[in-house]
Amino acid sequence: MSTQKSAKITFSDGTPAMDLPIHQGTMGPDVIDIRKIYGATGKFTFDPGFLSTASCESKITYIDGDKGELLYRGYPIEQLAVHCDYLETCYLLLNGELPTQDQRTDFEQRVMRHTMVHEQMNRFFTGFRRDAHPMAVLVGCVGALSAFYHDSLDIQNPEHRFISAIRLLAKMPTLVAMAYKYHVGQPFMYPQNNLSYSANFMRMVFGTPCEEYQVNDVLVRALDRIMILHADHEQNASTSTVRLAGSSGANPFACIAAGIATLWGPAHGGANEACLFMLDDIQRQGGIEKIGNFISKVKDKDSGVKLMGFGHRVYKNYDPRAKLMRETCYEVLDELGLHDDPLFKLAMKLEQIALEDDYFVQRKLYPNVDYYSGIVQRALGFPTEMFTCVFALARTVGWIAQWGEMIAEPDQKIGRPRQLFTGSTPREVKPIAQR
Ligand code: CMC
């Protein structure tokens with residue numbers, strides 16, 4: 001980062017003006033460094049929701065929301081989605097460069113050798129109700145990994161951090177598949193390490209011990225693409241949560257569990273599930289004929305209804321991931337002969353109507369990746385409740401890469417936001433009889 005410019009901040013209450021350094025990254029908006037404001041003026045800055053605040057410096061992922069651009073370590077998502085697979089993308093996010101063939105082979109072997117989870121983990125799953133939401137189960141079970149890998153882990157040691165990353169990448173597919181199997185009452189499937197990362201995951205989810213699982217390359221490639229597109233997204237809510245949790249020096253597996261909890265919400269990763277529920281709901285009420293009614297509800301601010309899978313805090317032109325996911329959607333539906341699926345037809349009609357409607361045009365609301373990823377996942381056979389778990393599986397690498405970057409910073413500090421207090425001024429506690 002370079003710092004050649006500065007900003008002058010002046011006050012109307014007599015506080016002396018101060019100069020603030022302006023940092024320039026390699027791309028993106030300049031950043032006004034406000035760290036010294038409180039010390040110099042006794043004032044905080046106020047930015048709930050981080051609308052104008054860069055919470056960290058990072059070299060991993062870059063988004064230009066106006067251009068609809070997403071780069072992992074400088075590489076456009078469109079190229080990665082076509083030329084690389086998920087594990088190569090993971091290597092890139094973690095190490096900063098794409099792997100050579102030898103590095104790729106070594107990385108894959110390291111990941112695939114760690115896919116089994118401790119047999120005791122089975123007991124954690126069986127403690128949950130069968131009808132528990134798989135995301136609830138995942139939050140618990142990934143958090144529980146910290147109990148298995150704590151004493152042997154020194155987060156200040158780069159090799160230990162790398163081993164944690166490998167363990168997480170390796171064990172997440174197994175845990176997500178176990179959450180699914182437990183939910184549907186089928187036996188857990190052990191990983192099969194000679195399969196590719198995504199094929200192994202699909203086998204653990206959809207295979208049973210009774211018959212040989214037939215890998216379908218088109219469907220595996222579609223899943224792999226979902227994973228690449230969701231692998232990282234700079235400082236979103238769940239990643240910021242992982243960084244904040246990690247800033248206290250907490251166990252990385254526990255930090256990832258915190259990220260999973262944040263991802264679960266419908267405004268974030270839960271949108272793919274919410275989007276499918278929305279489509280199901282419109283379908284039940286009459287399908288395509290009822291889209292008009294639904295859009296009217298969305299426009300009525302009092303209804304609290306949103307068009308799920310539309311809109312994004314950063315992308316105000318289009319979401320590049322959505323474009324790729326839309327292509328994958330067509331490929332998968334072609335492969336499975338599902339083009340006449342009523343829900344898919346409804347989704348495409350709703351998309352078309354919304355894209356032509358002034359309400360959405362004026363607010364720059366476009367489909368985001370979750371509008372299509374739910375449809376693809378449904379076609380692959382995942383039940384709706386599993387959609388966000390698949391997102392969590394894919395995002396794990398982003399979380400752990402961002403966590404590692406933060407821990408490696410020489411002047412890393414615990415995250416500690418301040419507040420604008422509007423509650424009661426000091427008052428006396430009265431004995432209970434006088435209250
Ligand atoms: N449906 C209807 N209106 C919307 C929608 C939507 N999906 N999204 C935003 N708006 C309206 C919003 O009501 C506001 O209108 P007005 O200016 O009249 O008050 C305007 O558009 C600006 O929206 P905002 O709420 O200020 O935007 P935000 O940046 O705070 O929220 C968002 C971004 C993603 C939370 C929001 O667009 C949303 O809730 N979308 C639906 C959920 C969704 O699909 N989330 C997945 C995001 S992509 C996956 C990920 O990376 O997590």
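Order of listing sets the numbers, starting from 1, for every ligand and every atom in it.
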Residue, atom name and distance, where the atom is the protein heavy atom closest to [atom]:
atom: atom 20 (C) of ligand 1; value: Arg363 CD, 3.8 Å
atom: atom 40 (N) of ligand 1; value: Phe310 O, 2.9 Å
atom: atom 51 (O) of ligand 1; value: His312 NE2, 3.6 Å
atom: atom 29 (O) of ligand 1; value: Arg313 NE, 2.8 Å
atom: atom 39 (O) of ligand 1; value: Lys306 NZ, 2.9 Å
atom: atom 34 (C) of ligand 1; value: Gly311 O, 3.7 Å
atom: atom 49 (C) of ligand 1; value: Asp370 OD2, 3.1 Å
atom: atom 19 (O) of ligand 1; value: Lys301 NZ, 3.6 Å

**Prompt:** Does the pair Asp340/Lys345 count as a salt bridge with the N-to-O cut at 4.0 Å?
**Reply:** yes

**Asked** Thinking salt bridges, do Lys297 and Asp300 make one under a 4.0 Å N-O criterion?
**Response** no

Show which atoms of ligand 1 fall inside a sub-4.0 Å distance from at least one heavy-atom site of [X].
X: Tyr359; result: 2 (C), 3 (N), 4 (C), 11 (C), 13 (O)
X: Pro266; result: 42 (C)
X: Val298; result: 1 (N), 2 (C)
X: Leu307; result: 1 (N), 2 (C), 6 (C), 7 (N)
X: Ala271; result: 43 (C), 44 (O), 45 (N), 46 (C)

**Under-4.0 Å heavy-atom contact with ligand 1, by part of Leu365 that carries it** = side chain

Assert yes or no for the condition that the ring centre distance of [X] to [Y] is strictly below 6.0 Å.
X: Phe310; Y: Phe360; answer: yes
X: Tyr372; Y: Tyr330; answer: no
X: His233; Y: Phe391; answer: no
X: Phe188; Y: Phe125; answer: yes

**Request:** Begin with the C-alpha distance, continue with both residues' side-chain angles, and end with the deciding distance and a verdict on ring pair (Phe, Tyr, Trp, His ring centres under 6.0 Å) for Tyr149 and Phe253.
**Result:** CA-CA 8 Å; Tyr149 308 107; Phe253 298 92; 5.4 Å; yes

Heavy atoms, side chains only, cut-off 4.5 Å: are [X] and [Y] in contact?
X: Tyr38; Y: Thr45; value: no
X: Cys275; Y: Asp370; value: no
X: Val298; Y: Val305; value: yes

**Asked** Is the NZ atom of Lys364 crowded by more than 12 outside heavy atoms at less than 6.0 Å?
**Response** no

**Prompt:** When you look at OH of Tyr359, are more than 12 heavy atoms from neighbouring residues, nucleotides or ligands closer to it than 6.0 Å?
**Reply:** yes

**Message:** Taking distance alone, with N or O pairs closer than 3.5 Å, would you say Ala267 contacts ligand 1?
**Reply:** yes

**Request:** State whether the shortest distance between N or O atoms of Val369 and N or O atoms of ligand 1 falls below 3.5 angstrom.
**Result:** no

[atom] protein-contacted, heavy-atom criterion under 4.0 angstrom:
atom: atom 32 (C) of ligand 1; value: no
atom: atom 26 (O) of ligand 1; value: no
atom: atom 1 (N) of ligand 1; value: yes
atom: atom 9 (C) of ligand 1; value: yes

**Prompt:** In terms of side-chain heavy atoms, does Glu405 have a donor or acceptor partner in Ser58 at a distance below 3.5 Å?
**Reply:** yes

**Request:** Tell me, please: is Ala274 in heavy-atom contact with ligand 1, that is, under 4.0 Å?
**Result:** no

**Request:** Please state whether Asn236 comes within less than 4.0 angstrom of ligand 1, counting heavy atoms only.
**Result:** no

**Complete:** Closest to atom 50 (C) of ligand 1 (heavy atoms only, candidates His233, His268, His230) is His268

**Asked** Which one of Gly270, Ala354, Ser373, Gly309 has a non-hydrogen atom at the shortest distance from atom 44 (O) of ligand 1?
**Response** Gly309

**Message:** With rounding to the nearest 0.5 angstrom, report the CG to NZ distance, Asp19 to Lys5.
**Reply:** 14.5 Å

